[in-house]
Amino acid sequence: MTDTIRVRADDPVGRIAPEIYGHFAEHLGRCIYGGLWVGDDDRVETEDGVRTDTLSLLSDLELPVLRWPGGCFADDYHWEDGVGPREERPRRRSLWWAQGREDEWEESNAFGTEEFLRVCREIGAEPYLAGNVGSGSPGELVDWAEYCNHDGDTEHARMRRENGREEPHDVRWWGVGNENWGCGGRYDPESYALEYRRYANYLRAFERVLGERCLELVACGDNDPDWNRRFMETLGESGAIAEIGGYELLDHLSVHRYYEAGDAVDFDEEEHFRLLARAGEVGRDVDRAAQVIEEFVPPGSVGVIVDEWGVWHPEAVPANGLEQTGTVRDALSAAGVLDDLNARADVVTMANLAQTINVLQCLVRTDETDAWPTPTYQVFDLYRPHMGSEALRTDVETDGREVAVDGDTEEVTLLSASASRNEVGVFVTLSNRALDAREVRIELETDPGTASARGAFDGQAPESHATAEDAEDFAPVERSVDLDGATAAVEVPAASVLAVEFEG
Ligand code: AHR
């Protein structure tokens, strides 16, 4: 059978926020220490302590946004520990994660706000700072915003200048806590809503000092719609100040989703498809969160963010700094999630894969001397043109495969796809999840001038993963596409990802 993707140019969904292609880096294992920051370790080239090999790989990918410093780490992080002369910075406990390769449950604070914001500038990513609600205070969070964004003559603005940065950093994205139903304070939704109101009140009020509405405030939600509903209800009741009512304090509600099926590398065919089925939960989480939000506020006024998502294999445990092997199967799951997020461009305002370097479904792996891209990196590379484009609906005709998921039977489609349009033309991404090649027809509504294609993973098994030596073999290459009027025909190898660009 030939699969068909019909691109519905008459049915735009909305602009794909570039931030949907965002990432997340936590002080956890070798994500920051070892993966990004090596200080004066001279086994690898650095720019003021930051590895240039990692930086260069991340720059190439044009990350739109990077979330930091956690995760659970964020809710016990005190930002003032990580600014100023490095030798004077205090060593602190690290409650949630060992830092670096050793079993070191201490944070050196060698990498702090200025180092992170410098990395963001180098790679062209917007910073997204996650504030400490669990063990912090509203004052500490608004001081951080003042340090980063204030151009005046206050203590924290002066502190920034003393640390070498004259102009404000203009950090736009502020997370008010992380997983506050769990590691971030174990709140129930009502208590968190009151805390959120308290913290967000100071950040929103600080915008008056800055002279404009310029901060994007993100509340922590849950996958459970009831949690989100109770949070929204309580926040709504809290609009005592007419000028800054409850929902005025909220710009985005975030959810997290991790999934697994079998071992990272040693999985059977059923588990191959089950992982892809489970990845579909990210899109459904977005739908559930958006439905709850719509019960309380006008459409479009509060966005949904998935600020942690990805595969979390059983091999990734705190003892190994949540490191796992990143395979082609994982990359296929990322392609499916990105297609699902594109299709929900009207409600999703950001998504952040966990976690950029060495940890969980990372983009980049490192050792003492090398940095190399994972198969998942190649998917983000292929999908880049979607960022900022207008998502178009697609009708996909393909086969399905039934898998058992948590006691139910679910059908996972063998082909995943999404489409968007920009000033260049129409852009279609697709992944063949099947274990044999598929013929795919892509039907547009009008004839494009030309078509070209790039694809990744031809002949690599789903369980294969990249090493420093062979990472290039996973990189996208040109593929042939037959264009006949408004229809293109492509052959998509087994377990592979393809991006087709129609110009004109
Ligand atoms: O990404 C690892 C951890 O997963 C984060 O610290 C936490 O937010 C989530 O539970």
Side-chain angles (χ1 to χ4, degrees), residues 22-36 65-78 92-100 104-105 107 111 116 128-136 173-187 192 195-196 218-224 227-228 252-260 264 278-279 281-282 285 289 304-326 330 333-334 337 350-365 374 376:
H23 294 272
F24 164 47
E26 180 166 13
H27 284 231
L28 193 176
R30 294 191 309 123
C31 183
I32 299 296
Y33 295 110
L36 196 55
V65 66
L66 188 57
R67 176 176 184 248
W68 176 85
C72 293
F73 181 84
D75 277 285
D76 200 36
Y77 180 64
H78 300 282
R92 298 282 187 207
R93 64 181 181 243
S94 177
L95 280 186
W96 301 103
W97 314 110
Q99 302 293 334
E104 189 168 277
W105 293 73
E107 166 61 50
F111 189 91
F116 172 68
Y128 168 17
L129 298 180
N132 178 352
V133 168
S135 73
W173 296 95
W174 292 88
V176 180
N178 167 78
E179 296 193 356
N180 300 91
W181 35 261
C183 60
R186 300 201 191 193
Y187 293 97
Y192 174 66
E195 284 292 74
Y196 179 83
V218 185
C220 153
D222 191 13
N223 298 125
D224 174 5
W227 205 96
N228 293 341
H252 311 266
L253 185 70
S254 87
V255 293
H256 292 174
R257 173 63 65 179
Y258 292 100
Y259 40 86
E260 58 163 297
R278 286 210 163 120
E281 213 50 42
V282 177
D285 287 332
V304 179
I305 285 183
V306 191
D307 53 18
E308 291 184 31
W309 67 271
V311 182
W312 188 327
H313 290 301
E315 77 174 80
V317 290
N320 71 354
L322 303 191
E323 295 201 23
Q324 62 189 21
T325 314
D330 299 344
S333 78
V337 170
M350 189 192 291
N352 310 71
L353 182 71
Q355 299 198 4
T356 321
I357 311 148
N358 291 324
V359 170
L360 296 174
Q361 193 173 0
C362 54
L363 299 171
V364 175
R365 298 290 313 224
T374 61
T376 294

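Every number for a ligand or one of its atoms is a count from 1 in the order of the listing. These numbers come from the heavy atoms of this one structure, side chains and all, not from hydrogens, waters or symmetry mates. Numbers here are sequence positions counted from 1.
Residues satisfying the ring-ring contact (aromatic ring centres under 6.0 Å, His included) criterion with Phe73, sequence neighbours excluded, are His27, Tyr77. With sequence neighbours left out, the ring-ring contact (aromatic ring centres under 6.0 Å, His included) criterion links Trp173 to His252. For Glu260, the salt bridge (charged side-chain N to carboxylate O under 4.0 Å, His left out) test picks out no residue, with sequence neighbours left out.
Side-chain atoms of Asn178 and Arg67 include a donor-acceptor pair closer than 3.5 Å. Between the side chains of Tyr196 and Asn180, no donor-acceptor pair of N or O atoms lies under 3.5 Å. Of the N and O atoms on the side chains of Tyr187 and Glu195, at least one donor lies less than 3.5 Å from an acceptor on the other residue.
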Dump all N/O pairs between ligand 1 and the protein below 3.5 Å as a table: atom names plus distance, one pair per row.
{"residue": "ligand 1", "atom": "1 (O)", "partner": "Tyr258", "partner atom": "OH", "Å": "2.8"}
{"residue": "ligand 1", "atom": "1 (O)", "partner": "Glu308", "partner atom": "OE1", "Å": "3.4"}
{"residue": "ligand 1", "atom": "1 (O)", "partner": "Gln355", "partner atom": "NE2", "Å": "3.0"}
{"residue": "ligand 1", "atom": "4 (O)", "partner": "Glu308", "partner atom": "OE1", "Å": "3.3"}
{"residue": "ligand 1", "atom": "6 (O)", "partner": "Glu26", "partner atom": "OE1", "Å": "2.8"}
{"residue": "ligand 1", "atom": "6 (O)", "partner": "Glu26", "partner atom": "OE2", "Å": "3.0"}
{"residue": "ligand 1", "atom": "6 (O)", "partner": "Cys72", "partner atom": "N", "Å": "2.9"}
{"residue": "ligand 1", "atom": "8 (O)", "partner": "Asn178", "partner atom": "OD1", "Å": "3.4"}
{"residue": "ligand 1", "atom": "8 (O)", "partner": "Asn178", "partner atom": "ND2", "Å": "3.0"}
{"residue": "ligand 1", "atom": "8 (O)", "partner": "Glu179", "partner atom": "OE2", "Å": "3.4"}
{"residue": "ligand 1", "atom": "8 (O)", "partner": "Glu308", "partner atom": "OE1", "Å": "3.1"}
{"residue": "ligand 1", "atom": "8 (O)", "partner": "Glu308", "partner atom": "OE2", "Å": "2.7"}
{"residue": "ligand 1", "atom": "10 (O)", "partner": "Glu179", "partner atom": "OE1", "Å": "2.7"}
{"residue": "ligand 1", "atom": "10 (O)", "partner": "Glu179", "partner atom": "OE2", "Å": "3.2"}

